[in-house]
Structure formats: structure tokens, C-alpha cells
There are 2 protein chains.
Amino acid sequence: MERRRGAELEAVLLDAAWAELMESGYAQLTMEAVAARAQTGKQVLYRRWRNRAELVIASMRHHAGSIVENVPDTGSLRGDVLGVLQQMADRFTQLGPDTIHGLMAEAPDLDPEVYSRMTGVMAAIVKRAAERGEIATADVPVVVLTAPTNLMRHEIFFSHSPVPSSTITALVDDVFLPLVGFSRGT
Amino acid sequence: MERRRGAELEAVLLDAAWAELMESGYAQLTMEAVAARAQTGKQVLYRRWRNRAELVIASMRHHAGSIVENVPDTGSLRGDVLGVLQQMADRFTQLGPDTIHGLMAEAPDLDPEVYSRMTGVMAAIVKRAAERGEIATADVPVVVLTAPTNLMRHEIFFSHSPVPSSTITALVDDVFLPLVGFSRGT
DNA sequence: CTCCTTAGAGACGTGGCGTCTCTTACGCGT
DNA sequence: ACGCGTAAGAGACGCCACGTCTCTAAGGAG
């Protein structure tokens, strides 16, 4: 019997978890099923992750790398923000709301990271826009800086269907751009 | 043995559920415990609600009535919006994040109601402000109308501690009021 | 070649869900 | 006043998945 070990095995486990997640959703995902799919025992899972939530989070990271490390750079403030929001939408509609809610409920210590990371992304985008002269200053209140991504996240959490692109453009054109003193068109 | 019936019994059940919710939180709340506290059997619960989520939701409604039916009327737009957000904060910090997340995960059909209700509340507030002449028009994009309550809800969901009032005022002063063309102070 | 880690497999105890069953109280109609 | 039917009170039951424990054997390190 070929016996998998170390990183190789771990990859198989994470892939199995991801497959189960896509097929059954978070609520239906069981450790037994993941182990069975990976053709191994539960203990192999529990040796690496303390519970279902940790396994799933690890499998998400493994599958898609860490969230937005490729900050969009379209040359315009509007394009950049649209890009960020679109990325968020794509990523989370793939997961589906039940996975998101399930993880929130079972892994309360997950969010701070994802949460604060976006603030940095937005800050970078705004800084560039200020340097280009699109807006007067990069000195924007945090609450404004995080408004679009937070509203986007809110949309993702509450809408039980994919977020339409019209909502995304509305968030940018009717909320964010006015707040940073960017007059569109005119 | 005095045997409770109908509405009387139902009230006892809902109170028991609420007490368990406050004591143990949603994740730890069990049907057994609720039944025991109400000095009855589980069947009495299952005869009325299909599962834990429905019971808890009913108990929340029973305990605090339906959300914001008392739309604040402070005489100023700023005061009204602050009032609404403060009510949301109060209500939900009482519940705690784990209850909220748990319910979201298990009762996907709960939110639309709560969600859309706030839009109406905000619309009423803005309409009054326009009539008072505080702002030019009550014709505000939906995405702006819902921005403060949505951001508030986002804050509640992600912050694992009570929302500070500084955040609430920031939402109103740095996001909402500028968006509806209200120049503060000046 | 031996040793030690750990993969693979499955049994096990636990806990809560939701169902089923049974007895018994009590409101209602006649 | 009486009996019928509905539903309360109580608990047993099967089930499922969690997370733990135990055992055997593979295969890398020395």
C-alpha cells in the first residue's frame, strides 16, 4: 500500500475538504466524509486541525491562496474600487452564504484578519488616486475607507443570491466616490 | 396538577427559551433545557416550532416585540439617524454575536424581513427631514438610504464587542450626512 | 537493519436532535 | 352531569456526527 505522508498527504486532505465543501456545503460537511474521500481515517484530520471549522478554513486558504494580494491597478480610482468589490463578490458567491454563516458561527476568531486586510488595500488604492491627483487628499476617515468593502460584505452576507453588478457600481458611484470628493463625469 | 394551555403555556415556553438564550447563548441552547426549564416535554415545543431556530426567533419577538416600530422623531435628521443606529446597537449587543451568527446559519429565511424593514424606517426619516427643509430632497438612492443601517449591521456582526458610540457618530457624520447633502455645523 | 513516528482503519462513548408512544388533565358539546 | 377528543407532561428511542482512543503496519532516519 502506497502510504501518503507530510505535505503530500496534507494536500490530499485539503483538496478532499474543498471538494466536500463545494458538493455539500458547510453544514452538510462531515469529518467522516472528508476522511473517506481522502481514503484515510479521521485521526489524520484531527491530528492536523482541531475541528471542522479549522479544516475548512485551511482548505479555503489552500484552494485559493490568501485573499486579495493582487490589489487591482486599473489607473483610475473608480476602476480600482470596482475591481476590489468584484473580487470579493466572486470569491464569496463561489462559497455560498451557508458556508460563510456556518464559519462565522463556529470560528469567531477568523474574521479580524480578513476584515482588517481590506482596510489596507483600500488605503493603498486611495493613496495612489491622490498621487494621480484624482482626489484632493488621501486623508480619508477610516469609516469612509472601509465603507465600500463593508457594504459589499454586508451585501454578500445577507443576499442569498449572487450580488448583481449594478449593486457594485451603485456602491462605488453613489456612496464611495461622492464621499472622497470625486465628481464623476462632469 | 395544574396544566397550562394555549397562550398561557406558549408564553411560558417563550420565556424559558429567552432565559436559556441569555444564560447559555444560542450555540449552547438545547431543546431539552428549554423544556426542562418550562417544566414540560420536548413534544410541546416541537408541536409549535419546527426546530431550535424557529423557537428562538419566536422568543426574541415575544420578548422585545417587533424591531423598531418606534421610529425616533427627535426633530433633526442627525438625531433621528443616531437614534435608529443606537437602537440597533442596543438590541443586538444584548443578544451577542454568537446568537446572531447561529441564527443566520440555521435560519436563512429570517433576515429579509428585518433587512427591508429598516429601509422603510430610513425612508420615513429622510422624508421628514426633507419636509423640514434640512435637506434638499427626499429622493435619495436606495444604496445611500440603507448605507448607515447596513454598515451598522456589519459592525454588529463583525465586532465581537459592543459597538462604541464613536463609531455610530462617525457613520452618521462622516458617511450618511455628507451623502444626503447635509452640511453639519457650518 | 532497527527504531520511531504516524498513516490507515475502525470501535467507542457522548450528546442533542427530532420522533414516537403512552397516560392523563381538562375544555367543550350535548 | 357526562363522556369525548384534543393536547399536556413525561420519557424512551433511533440516529447521526463529533471527537477520542486503540491497534497494526508502513516507511523514513540513523
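Basis for what follows: all heavy atoms, side chains included, without hydrogens, waters or symmetry-related copies. Every chain is numbered from 1, with letters handed out A, B, ... down the list of sequences.
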May I have the list of side-chain donor-acceptor pairs in residues 129-138 of chain B shorter than 3.5 Å, sequence neighbours left out?
{"from": "R132(B)", "atom 1": "NE", "to": "G75(B)", "atom 2": "O", "distance (Å)": "3.2"}
{"from": "R132(B)", "atom 1": "NE", "to": "E134(B)", "atom 2": "OE1", "distance (Å)": "3.1"}
{"from": "R132(B)", "atom 1": "NH2", "to": "E134(B)", "atom 2": "OE1", "distance (Å)": "2.7"}
{"from": "E134(B)", "atom 1": "OE1", "to": "L77(B)", "atom 2": "N", "distance (Å)": "2.7"}
{"from": "E134(B)", "atom 1": "OE2", "to": "L77(B)", "atom 2": "N", "distance (Å)": "3.4"}
{"from": "T137(B)", "atom 1": "OG1", "to": "D139(B)", "atom 2": "N", "distance (Å)": "2.8"}

Side-chain N or O of [X] versus OP1/OP2 of [N]: is the shortest distance under 4.0 Å?
X: T40(A); N: dA7(C); value: no
X: R4(A); N: dT6(C); value: no
X: R3(A); N: dT5(C); value: no

For [X] and [N], give me the distance from atom [atom1] to atom [atom2], rounded to whole Å.
X: L13(A); N: dA7(C); atom1: CG; atom2: P; answer: 9 Å
X: Q39(B); N: dA10(D); atom1: CD; atom2: P; answer: 7 Å
X: L55(B); N: dG16(C); atom1: CG; atom2: C1'; answer: 15 Å
X: L9(A); N: dG27(D); atom1: CG; atom2: P; answer: 13 Å
X: L45(B); N: dT19(C); atom1: CG; atom2: P; answer: 12 Å
X: E8(B); N: dA8(D); atom1: CD; atom2: P; answer: 11 Å

(message) Just to verify, what does Q86(A) make a side chain to side chain contact (heavy atoms under 4.5 Å, CB included) with, not counting sequence neighbours?
(response) A89(A), D90(A), I168(A)
(message) Test of understanding: with side chain to side chain contact (heavy atoms under 4.5 Å, CB included), list the residues that count as partners of A16(A), not counting sequence neighbours.
(response) V34(A), R37(A), A38(A)
(message) Strictly by ring-ring contact (aromatic ring centres under 6.0 Å, His included), give each pair with a member in residues 15-35 of chain A just once, sequence neighbours left out.
(response) W18(A)-H63(A)
(request) Return each pair, listed once, that meets ring-ring contact (aromatic ring centres under 6.0 Å, His included) where at least one residue sits in residues 125-147 of chain A; pairs must be two or more places apart or across chains. (result) none
(message) Quick check against the 3.5 Å criterion: does R52(B) have a side-chain atom that pairs as donor or acceptor with the backbone of M31(B)?
(response) no
(message) Is there, by distance only and without an angle test, a donor paired with an acceptor across the side chain of R47(A) and the base of dA7(C) below 3.5 Å?
(response) yes
(message) Across nucleotides 16-23 of chain D, 5' to 3', mark each nucleotide with B, S or - according to how protein heavy atoms within less than 4.0 Å reach it.
(response) -SBBBB--
